[in-house]
Protein chains: 2
Amino acid sequence: MRVPRRVRALDPQQLGAYFVLMEVSSILRHAVEQHLRADGDLSYVQFQILAGLSGSATGSQRMTALADSVVYSRSGLTYQADLLEARGLISRSPAPDDERSIIVNITEAGRALVSRVLPGHVEVVSRLLLEPLSRKDLEVLTRLLAPVRDHMRTTPPRSAAPRRRNKAAPDG
Amino acid sequence: MRVPRRVRALDPQQLGAYFVLMEVSSILRHAVEQHLRADGDLSYVQFQILAGLSGSATGSQRMTALADSVVYSRSGLTYQADLLEARGLISRSPAPDDERSIIVNITEAGRALVSRVLPGHVEVVSRLLLEPLSRKDLEVLTRLLAPVRDHMRTTPPRSAAPRRRNKAAPDG
DNA sequence: TATTGTTATACTCTATAACTATA
DNA sequence: TATAGTTATAGAGTATAACAATA
């Protein structure tokens, strides 16, 4: 099993790109998480859920759609949704067209919290990530990473449990 | 308190760069973590510790140096070091010049595990991150992110507990 | 039979504070 | 008094598997 052919070590350039990406994103995420916790008592995932809902036209989404976009397991989303609902930041109601599904709605309190937290969030991102980058840099960075994102979205996890609703091909 | 001046919302270009960076790094980290767990029963932090040690000339480092480079709290590093030591992957011995300090050494078993896990690690990184990027892209990406990393390293967390060994300025 | 979502559960990781020992 | 590291403890987050209800 596990026959990884052609796995030469990474050369310094490849290693460098990988490392700097991981370090930058780690520090940024850590800083963002600290701010969200301090300022709104929110985890990053919770903020993603609220922000995603408040950004959507209807302010609502199916649980599965949320799980796919935000979190890696359904039970994890249920856990987070329970917390958000207990705080009155979202509400859940059955979907009219498919009674198995649950529609998650952001409440006024949820929108208010997002609005309250957003400035600080923006401030952290601006200070840490955006400050050293010119407009041109941002454009180039996005142009480089967007294909990687698309590639990642379509590349199957291979030995991992499928993130979407596929049947599980046993392994490999 | 908390007077964030000039926090306009991010424009689409800034948002796009931020989002794509976070999504790419999240997926990559998740995939890497799954591989390390499946292939070597290692967390990402544990791998970082081992890889850092095996990369260093002496195969050893002080606990504090490791904590600074890898983890955000000292107790967190102690926890991970306990696990690694229990598996015989590292050893700890008092530093000769400063008896408060502990020198962490990677063992032969530790090096062996890194060697065993590395090909799969490289494979995951190559497949997910590197594949859609040309050599030129890698160079540009690193050139863009390296200053961000340096900026982040020197930017104080502001409202967060200092990551290094500074005195804690109460807040703000 | 497959899918949506929840529940029960177990486990990993992280952080804070108190503590010991050395500088 | 400050620093290095450990310990005790508590809490958050995640995943797996079993489950209920609907398609």
Side-chain angles (χ1 to χ4, degrees), chain A residues 26 29-30 33-34 36-38 40-49 61-68 70-87 90-104 157 160-168, chain B residues 26 29-31 33-34 36-38 40-49 61-68 70-87 90-104 157 160-168 170:
Chain A
S26 286
R29 170 126 182 190
H30 194 257
E33 282 178 345
Q34 286 215 297
L36 290 172
R37 179 64 66 192
D41 196 25
L42 288 173
S43 71
Y44 186 70
V45 171
Q46 288 165 4
F47 175 74
Q48 279 184 297
I49 293 171
Q61 265 191 295
R62 276 200 173 72
M63 287 289 281
T64 298
L66 280 178
D68 280 352
V70 150
V71 106
Y72 294 107
S73 74
R74 286 156 202 268
S75 65
L77 176 60
T78 296
Y79 170 78
Q80 297 294 348
D82 285 348
L83 295 181
L84 292 174
E85 191 173 38
R87 291 171 63 184
I90 63 169
S91 65
R92 277 181 284 194
S93 49
D97 58 322
D98 183 341
E99 300 215 1
R100 293 173 303 181
S101 294
I102 298 283
I103 301 277
V104 180
R163 287 209 338 273
R164 304 184 70 81
R165 54 274 159 82
N166 302 336
K167 287 300 292 295
Chain B
S26 287
R29 170 128 182 189
H30 194 257
E33 282 178 345
Q34 285 214 297
L36 290 173
R37 179 64 66 191
D41 196 25
L42 288 173
S43 70
Y44 186 70
V45 171
Q46 288 165 3
F47 175 74
Q48 278 184 297
I49 294 172
Q61 263 190 297
R62 276 201 172 73
M63 286 289 281
T64 298
L66 280 178
D68 280 352
V70 151
V71 105
Y72 292 107
S73 74
R74 286 156 203 271
S75 64
L77 176 59
T78 296
Y79 169 77
Q80 297 292 349
D82 285 348
L83 295 181
L84 292 174
E85 192 173 38
R87 291 172 64 184
I90 63 169
S91 65
R92 278 180 284 193
S93 49
D97 58 320
D98 184 339
E99 300 213 3
R100 295 172 303 181
S101 292
I102 299 282
I103 301 277
V104 180
R163 285 210 341 270
R164 302 185 69 81
R165 52 274 160 83
N166 301 336
K167 287 298 294 293

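Any value given below was found using the heavy atoms of this structure, including those in side chains, with hydrogens, waters and symmetry copies removed.
- Put simply, the residue from Leu36(A), Val70(A), Ile49(A) that forms a side-chain contact (heavy atoms from CB on, under 4.5 Å) with Tyr44(A) is Leu36(A).
- Counting to the nearest Å, the P atom of dT12(C) and the CG atom of Leu36(B) are 16 Å from each other.
- Evaluation of the side-chain contact (heavy atoms from CB on, under 4.5 Å) rule for Ser101(B) yields Arg62(B), Ala95(B), Asp98(B) as partners, not counting sequence neighbours.
- Phosphate contact (OP1/OP2 of dT14(D), side-chain N/O of Arg37(B), threshold under 4.0 Å): absent.
- Remark: Arg29(B) engages Glu33(B) in a salt bridge, criterion side-chain N to carboxylate O under 4.0 Å.
- As a whole-Å value, the separation of Asp41(A) CG from dG13(D) P is 9 Å.
- Side-chain contact between Gln48(A) and Leu66(A): absent, with no pair of heavy atoms (C-beta onward) separated by less than 4.5 Å.
- Side-chain N/O atoms of Thr78(A) and base N/O atoms of dT7(C) include no donor-acceptor pair closer than 3.5 Å.
- Across all strands, Leu83(B) comes closer than 4.0 Å only to sugar-phosphate atoms, never to a base (heavy-atom distances).
- Between the C1' atom of dC13(C) and the CD atom of Glu33(A) lies a distance of 12 Å, rounded to the nearest Å.
- Between the CD1 atom of Ile102(A) and the C1' atom of dT7(C) there is a distance of 14 Å, given to the nearest Å.
- OP1 or OP2 of dT12(C) has not a single side-chain nitrogen or oxygen of Gln80(B) nearer than 4.0 Å.
- Atom CZ of Arg74(B) and atom P of dA18(C) are 17 Å apart (whole Å).
- Among the atoms of the strands shown, only primed sugar atoms or phosphate atoms (P, OP1, OP2) are found under 4.0 Å from some heavy atom of Ser101(A).
- Taking atom CD of residue Glu99(A) and atom P of nucleotide dT22(D), one finds them 7 Å apart after rounding to whole Å.
- At least one side-chain nitrogen or oxygen of His30(A) sits closer than 4.0 Å to the OP1 or OP2 atom of dA15(C).
- Using modelled atom types, no side-chain atom of Gln80(A) and backbone atom of Val45(A) make a donor-acceptor pair closer than 3.5 Å.
- The CG-P distance, from Leu84(B) to dT6(D), rounds to 12 Å in whole Å.
- Nearer to the 5' terminus of DNA chain D, by closest-nucleotide assignment, is the contact made by Val45(A) (compared with the other of Asp98(A) and Val45(A)).
- What separates CG of Asp82(A) from C1' of dT14(D) is a distance of 14 Å, to the nearest Å.
- Residue Ser43(B) places at least one side-chain N or O under 4.0 Å from the OP1 or OP2 atom of dC13(C).
- Residue Ala81(A) is the one, among Tyr79(B) and Ala81(A), whose nearest nucleotide of DNA chain C lies closer to the 5' end (criterion: closest heavy atom).
- Arg92(A) has a side-chain polar atom (N or O) that falls below the 4.0 Å cut-off from OP1 or OP2 of dT6(C).
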